[in-house]
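Input: a single structure, listed below in structure tokens.
Only this structure's heavy atoms are used, side chains among them; waters, hydrogens and symmetry mates stay out. Since the structure is predicted, the reported quantities are computational estimates derived from the model, not experimental observations. Positions are given from 1, in the same order as the sequence printed here.
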Amino acid sequence: MSAPKFTTLGCRLNAYETEAMKELSQQAGLKDAVVVNTCAVTAEAVRKARQEIRKLRRENPEAPIIVTGCAAQTEPETFAAMEEVTRVIGNTEKMQAGTWDEIAKGPDFIGATEKVQVDDIMSVTETAGHLIDGFGTRSRAYVQVQNGCDHRCTFCIIPFGRGNSRSVPAGVVIDQIKRLVDKGYNEVVLTGVDLTSWGADLPAQPRLGDLVMRILKLVPDLRRLRISSIDSIEADNNLMQAIATEPRLMPHLHLSLQHGDDLILKRMARRHLRDDAIAFCEEARRLRPEMTFGADIIAGFPTETDAHFENSLKLVTDCDLTWLHVFPYSKREGTPAARIPNKVNGTVIKERAARLRAAGDAQVARHLAEQIGRTHLILMENPHMGRTEQFTEVNFTAAQVEGSIVTTQITGVAGTQLMA
């Protein structure tokens with residue numbers, strides 16, 4: 001009898017929740033099972049989930065396979081129809097101890113009629129962010145402070161997988177971070193589905209900037225605080241104040257931009273325009289000159305012309321973006337965008353995505369070259385690799401202490417890494 005095997009597909013939040021499921025399944029005494037935590041962000045992600053399940057069945061012919069995550073939440077019938085799958089559980093159910101207690105009792109207890117356990121995610125009003133004290137390497141821990149999304153971008157299925165926005169109260173977050181710091185973590189990353197909506201469902205409706213300032217004030221021994229993806233149009237005054245005045249807040253933000261053309265942004269039902277994105281990046285960099293940006297950008301959204309695409313391509317340099325996540329548009333049934341006519345040819349989408357990635361590669365190369373000769377504080381992820389404040393990888397010839405913060409001068413570049 002062995003511990004369950006877990007496979008995680010998709011985002012950092014999924015990885016966080018896999019760690020929680022490991023603890024819950026261990027407490028329940030579950031043995032000899034395979035758990036697949038799926039992603040639904042694109043049609044390709046769902047296809048990969050099905051492919052992974054078939055592969056896992058070949059590798060584990062006797063083990064029950066439990067499928068959960070966003071794809072299980074949005075398409076439970078797709079996975080229930082797979083002969084390889086034993087059980088399908090939703091995103092809420094996967095974070096409940098009772099679910100794992102039932103699964104651990106075996107198929108005789110579950111019964112054939114209970115293969116699918118997926119409730120209405122929109123009825124969920126709390127998030128289980130306090131279940132575990134973070135996860136990650138020995139140097140960096142991730143803390144979930146928010147889940148779900150109240151916005152309805154026309155291309156996105158995620159709200160139907162994650163539900164409406166729910167926030168973890170600030171006191172719970174701060175207590176968790178204090179425990180992580182006591183365990184020796186030098187860096188904490190705040191994660192969520194729509195981080196900048198944190199607080200809207202809490203009393204007095206605090207903002208993300210309020211949470212950041214409280215963490216930095218009440219956990220003085222925390223060396224580095226990092227924020228994952230944000231929606232720049234929702235950045236509040238306290239967040240900008242933290243960027244300007246708090247050196248422990250890392251100068252790296254990943255932005256949910258999605259496109260660089262106003263008409264396409266409106267068809268996506270985004271809440272910002274091109275100039276808003278540029279203005280935010282300019283202001284953040286004025287407040288913190290060393291600030292670097294990553295961004296999500298979609299290539300080939302329906303009706304996207306060459307001129308629309310060129311505006312996205314130009315946004316890379318207009319915002320001085322460094323780390324790009326480029327998504328070729330793929331139709332997601334159940335989203336408004338799936339009903340928009342004038343689809344872009346698949347070959348054209350691939351070409352545009354390649355051009356965006358090439359622009360991103362050029363930005364990375366420029367950023368790396370600019371770091372030569374500069375001194376950085378590097379958080380070591382393993383004895384020979386760490387990351388700068390801007391999240392740039394640095395390779396060390398001499399071994400360093402994992403989890404430590406090392407002050408060093410950058411001597412060169414090798415591929416996409418700096419050398420020290």
Side-chain angles (χ1 to χ4, degrees), residues 1-40 49 52-53 55-57 59-77 79-80 82-121 123-136 141-145 147-148 161-163 166 168 172 175-176 179-180 183 191:
M1 300 275 285
S2 59
K5 298 177 182 177
F6 284 81
T7 295
T8 306
L9 305 171
C11 67
R12 184 66 68 179
L13 188 54
N14 252 13
Y16 179 100
E17 290 171 343
T18 292
E19 296 303 308
M21 285 191 288
K22 285 179 181 177
E23 287 200 7
L24 292 169
S25 65
Q26 183 179 10
Q27 291 165 8
L30 180 63
K31 303 291 184 182
D32 294 326
V34 174
V35 182
V36 185
N37 199 6
T38 62
C39 172
E52 182 69 15
I53 289 163
K55 178 174 80 75
L56 288 167
R57 170 54 72 219
E59 295 172 354
N60 305 272
E62 302 300 324
I65 293 182
I66 299 143
V67 180
T68 187
C70 287
Q73 181 70 45
T74 58
E75 301 182 31
E77 66 288 341
F79 296 96
M82 295 180 69
E83 60 182 20
E84 295 89 352
V85 174
T86 310
R87 185 85 177 262
V88 182
I89 60 175
N91 265 336
T92 300
E93 291 76 16
K94 75 181 183 184
M95 302 298 280
Q96 297 172 342
T99 302
W100 298 98
D101 290 340
E102 280 191 17
I103 291 172
K105 291 175 182 177
D108 293 337
F109 176 81
I110 294 168
T113 60
E114 296 187 37
K115 184 173 184 178
V116 177
Q117 188 178 349
V118 179
D119 289 339
D120 178 14
I121 194 77
S123 66
V124 180
T125 58
E126 293 183 356
T127 191
H130 56 283
L131 274 178
I132 59 169
D133 280 340
F135 81 99
Y142 296 83
V143 174
Q144 180 188 357
V145 302
N147 202 343
R162 289 285 177 182
R166 293 98 68 198
V168 180
V172 174
D175 287 346
Q176 190 173 359
R179 289 194 296 271
L180 290 165
K183 290 179 179 179
T191 68

For this session: Determine the minimum heavy-atom distance between Phe79 and Ile53, stating which atoms define it.
Result: CD2-CD1, 3.6 Å

Exercise. Taking all non-hydrogen atoms of both residues, which atom of Ala72 and which atom of Val67 are closest, and how far apart?
Worked result: CB-O, 3.9 Å

Problem set entry | Inter-residue atom distance Gln26.CD - Lys31.NZ, 0.5 Å rounding | 7.5 Å

Exercise. How close do Ala49 and Thr38 get, heavy atom to heavy atom, and via which atoms?
Worked result: CB-CG2, 3.8 Å

Problem set entry | Set of residues satisfying side-chain contact (heavy atoms from CB on, under 4.5 Å) with respect to Glu62, sequence neighbours excluded | none

Exercise. Would you say Glu83 has more than 12 foreign heavy atoms packed within less than 6.0 Å of its CD?
Worked result: no

For this session: State, to 0.1 Å, how close Ala28 and Asp101 come at their nearest heavy-atom pair, and which atoms those are.
Result: CB-OD1, 3.3 Å

Problem set entry | Side-chain donor or acceptor of Gln73 paired with backbone N/O of Asn91 under 3.5 Å | yes

Exercise. Do you know the tightest heavy-atom contact between Ala63 and Ala33?
Worked result: CB-CA, 4.4 Å

For this session: To the nearest 0.5 angstrom, please state how far the NZ atom of Lys5 sits from the CD1 atom of Ile65.
Result: 10.5 Å

Exercise. Should Met21 and Ile66 be marked as a side-chain contact (heavy atoms from CB on, under 4.5 Å) after you check the CA-CA gap, both sets of side-chain angles, and the distance that decides it?
Worked result: CA-CA 12 Å; Met21 285 191 288; Ile66 299 143; over 6 Å; no

For this session: Using the test side-chain contact (heavy atoms from CB on, under 4.5 Å), find all partners of Thr99 that sit at least two apart in sequence or belong to another chain.
Result: Ile89, Glu93, Gln96, Ile103, Gln117

Exercise. How far does CG of Leu56 sit from CD of Glu84, to the nearest 0.5 angstrom?
Worked result: 10.0 Å

Exercise. Is there a side-chain contact between Arg57 and Thr86 (heavy atoms, below 4.5 Å)?
Worked result: yes

For this session: Would you mind reporting whether Lys94 and Val35 have side-chain heavy atoms less than 4.5 Å apart?
Result: no

Exercise. Thr18 and side chain to side chain contact (heavy atoms under 4.5 Å, CB included): which partner among Thr68, Thr7, Thr8?
Worked result: Thr8

Exercise. If only atom types and distance count, is the side chain of Trp100 paired as donor or acceptor with the main-chain N or O of Met95 below 3.5 Å?
Worked result: no

For this session: Using atom types as modelled and distance alone, determine if a side-chain donor or acceptor of Asn147 lies under 3.5 Å from a backbone N or O of Arg166.
Result: no

Exercise. So which heavy atom on Cys39 is nearest to which on Ala71, and how close?
Worked result: O-CB, 3.5 Å

For this session: Under the side-chain contact (heavy atoms from CB on, under 4.5 Å) rule, collect the residues that match up with Gln27, sequence neighbours excluded.
Result: Glu23, Leu24

